[in-house]
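Note that the numbering runs from 1 along the sequence shown for the chain. Here the structure is a predicted model, which means the values were calculated and not measured.
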Amino acid sequence: MITLNEAEAVDAGISSVEERNESRVFQALDSLTGIAEGFISENEEADTARVILSISDIAQAATQEGMELVTISSVLALGKLAKAAAKKGHVMALNRATVATGKLGKVAASNSMEAGSKVAATTLMEIWNFSYPENKDREELFAFSLLLKDIGAAAAGQGMEEALLNAVTCLGEAGKKEAAEKLETETINTLLLLEEIGGLAAEKYFDEALSSVALSIEETGKIALKKGLREVALQSQWALESLKIQAEEKALTNSPIVAEMALDSFKFTDIAENSENIEKLHEIKEMQKKVYSGL
């Protein structure tokens, strides 16, 4: 395959998407990936981040044109670049690749590409596991959960329960790990996003997905109890109670039972919200807005 320089590859990628020349798009993205790898090895982080953005732009355009194989290949390339950047301690490049992967997954889900969205969510989880928890600040952890939530929400919007289930599984794993690390605010953020996705699952009558959400919330809350994170456990109980009601309202078969059984893990009776936890939730939602604005 002919290797293009950066400017040639960007131009070729954009024009080839417009022409729907898939093989030429692959060539352009392959060249850009190789260029980015070279910049990483040379410790040129700003250049790496620039090339990752170009890959993201071309891949998103290709995805919107229905080129799912390009989507999957691009996600895998971004995951590879993210891991290489993490090894070098290139935080900016790592974050750029992580966000690009999440956005590509959302675009794939929005365009009914189930395989593309599932690969994106799984790749996000691999990046997270590879780079976590070293040097992760709160906003980065929020961003990761928000990206997964967006993929799941887009999948729900297109009626793709399997893709939604995949995103829920990944988000649930993130919540459990955050709880195990005693990251209270980050865990509550993830629980709120799981609850949001659970509501979308109920609206779509996705009984299996809603059951999966309930189990993820239960598992996260149980870890929180063991770690002494009472506020997280309380949030788990509130989320399960809310989802149980939504499942019952939709007359779903299994998820109301799953939610009810999950609630047995939490025996709090003093569950009324107070000014302190209301303020906590307000702060988390404000942080979500801030992080969203920077994605």
Side-chain angles (χ1 to χ4, degrees), residues 9-10 12-14 16-34 36 51-84 94-130 143-174 193 197 200-201 204 206 208-209 212-213 292 295:
V10 171
I14 294 171
S16 298
V17 169
E18 294 172 352
E19 297 162 4
R20 297 189 61 78
N21 185 338
E22 193 171 81
S23 63
R24 183 71 169 163
V25 177
F26 273 118
Q27 180 182 342
L29 289 171
D30 186 66
S31 293
L32 288 169
T33 302
V51 177
I52 287 172
L53 183 58
S54 295
I55 292 171
S56 176
D57 289 342
I58 294 169
Q60 286 192 46
T63 301
Q64 290 169 342
E65 290 296 325
M67 301 179 186
E68 189 164 22
L69 289 178
V70 173
T71 304
I72 293 170
S73 178
S74 299
V75 165
L76 296 176
L78 288 167
K80 183 179 179 182
L81 292 174
K83 293 173 185 176
L94 168 61
N95 289 342
R96 182 69 58 84
T98 301
V99 172
T101 301
K103 286 187 172 182
L104 192 51
K106 179 182 178 181
V107 174
S110 298
N111 285 273
S112 299
M113 296 182 181
E114 183 166 335
S117 64
K118 289 169 74 173
V119 171
T122 301
T123 301
L124 265 182
M125 198 71 219
E126 290 174 356
I127 294 171
W128 197 75
N129 283 328
F130 188 85
F144 172 81
S145 292
L146 287 165
L147 290 167
L148 276 175
K149 189 273 296 184
D150 279 353
I151 294 174
Q158 295 301 312
M160 299 188 300
E161 186 171 13
E162 284 299 316
L164 173 58
L165 270 165
N166 188 64
V168 167
T169 298
C170 293
L171 196 53
E173 288 301 311
L193 298 178
I197 285 185
L200 295 174
K204 291 290 185 177
F206 287 163
E208 184 180 359
S212 179
V213 171
Y292 257 130
L295 292 179

Show me the donor-acceptor pairs, under 3.5 Å and distance only, between side chains in residues 162-170 and residues at least two apart or in other chains.
unit_1	atom_1	unit_2	atom_2	d
Asn166	ND2	Lys118	O	3.1
Thr169	OG1	Leu165	O	3.0

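Using a 4.5 Å cut-off on side-chain heavy atoms (C-beta onward), Val17 and Val70 make no contact. A 4.5 Å side-chain heavy-atom check between Arg24 and Glu19 finds every atom pair outside the cut-off. Side chains of Ile197 and Lys149 form a contact here, defined as non-hydrogen atoms less than 4.5 Å apart.
With hydrogens and angles ignored, the 3.5 Å screen pairs a side-chain donor or acceptor of Glu68 with a backbone N or O of Ala115. Side chain of Thr101 to main chain of Ala97: a donor-acceptor pair is present (N/O by atom type, distance under 3.5 Å, no hydrogens or angles). In this structure, Gln158 contributes its side chain and Ser112 its backbone to no donor-acceptor pair below 3.5 Å. Judged by distance alone, with hydrogens and angles left aside, the side-chain atoms of Arg96 form no donor-acceptor pair with the main-chain N or O of Leu53 at under 3.5 Å. The closest donor-acceptor contact from the side chain of Glu161 to the backbone of Ala209 lies under 3.5 Å. Listed for the Asn111 side chain is a donor-acceptor partner under 3.5 Å among the backbone atoms of Val107.
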### Query
Could you walk me through whether Val51 and Leu81 pass the side chain to side chain contact (heavy atoms under 4.5 Å, CB included) check?
CA-CA 11 Å; Val51 177; Leu81 292 174; over 6 Å; no
### Task
Show your reasoning for whether side chain to side chain contact (heavy atoms under 4.5 Å, CB included) applies to Thr71 and Met67.
CA-CA 6 Å; Thr71 304; Met67 301 179 186; 5.6 Å; no
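When all heavy atoms of Leu78 and Ile52 are compared, the closest pair comes out as CD2-CG2, 3.9 Å. In terms of heavy-atom proximity, Leu193 sits nearest to Leu171 at CB-CD2, 4.1 Å. Of all heavy-atom pairs between Ser74 and Leu29, the closest is OG-CD1, 3.3 Å. Looking at every heavy atom in both residues, Ala82 comes nearest to Leu94 through O-CD1, 3.4 Å. Minimum heavy-atom separation, Ile151 to Gly105: CG1-C, 3.8 Å. Residue Gly79 comes nearest to Ile127 through the heavy atom pair CA-CD1, 4.0 Å, listed as atom of the first residue, atom of the second, then distance.
Residues satisfying the salt bridge (Lys or Arg N to Asp or Glu O under 4.0 Å) criterion with Lys103, sequence neighbours excluded, are absent altogether. For Ser212, the side-chain hydrogen bond (donor to acceptor under 3.5 Å, both in side chains) criterion is met by no residue, not counting sequence neighbours. Residues satisfying the side-chain hydrogen bond (donor to acceptor under 3.5 Å, both in side chains) criterion with Ser117, sequence neighbours excluded, are absent altogether. Residues forming a side-chain contact (heavy atoms from CB on, under 4.5 Å) with Ala84 (at least two apart in sequence, or on another chain): Ile40. Taking the ring-ring contact (aromatic ring centres under 6.0 Å, His included) definition, one finds that Phe144 meets it with Trp128, sequence neighbours left out.
Separating the CZ atom in Phe26 from the OG atom in Ser31 is a distance of 13.0 Å, to the nearest 0.5 Å.
Considering Val119, Thr63, Thr122 as possible partners of Val75, the one that fulfils the side-chain contact (heavy atoms from CB on, under 4.5 Å) test is Val119.
Side chain to side chain, Gln60 and Ser56 meet the donor-acceptor criterion of an N or O pair below 3.5 Å.
In this structure, Lys80 places its NZ atom where only 12 or fewer heavy-atom neighbours from other residues, nucleotides or ligands lie under 6.0 Å away.
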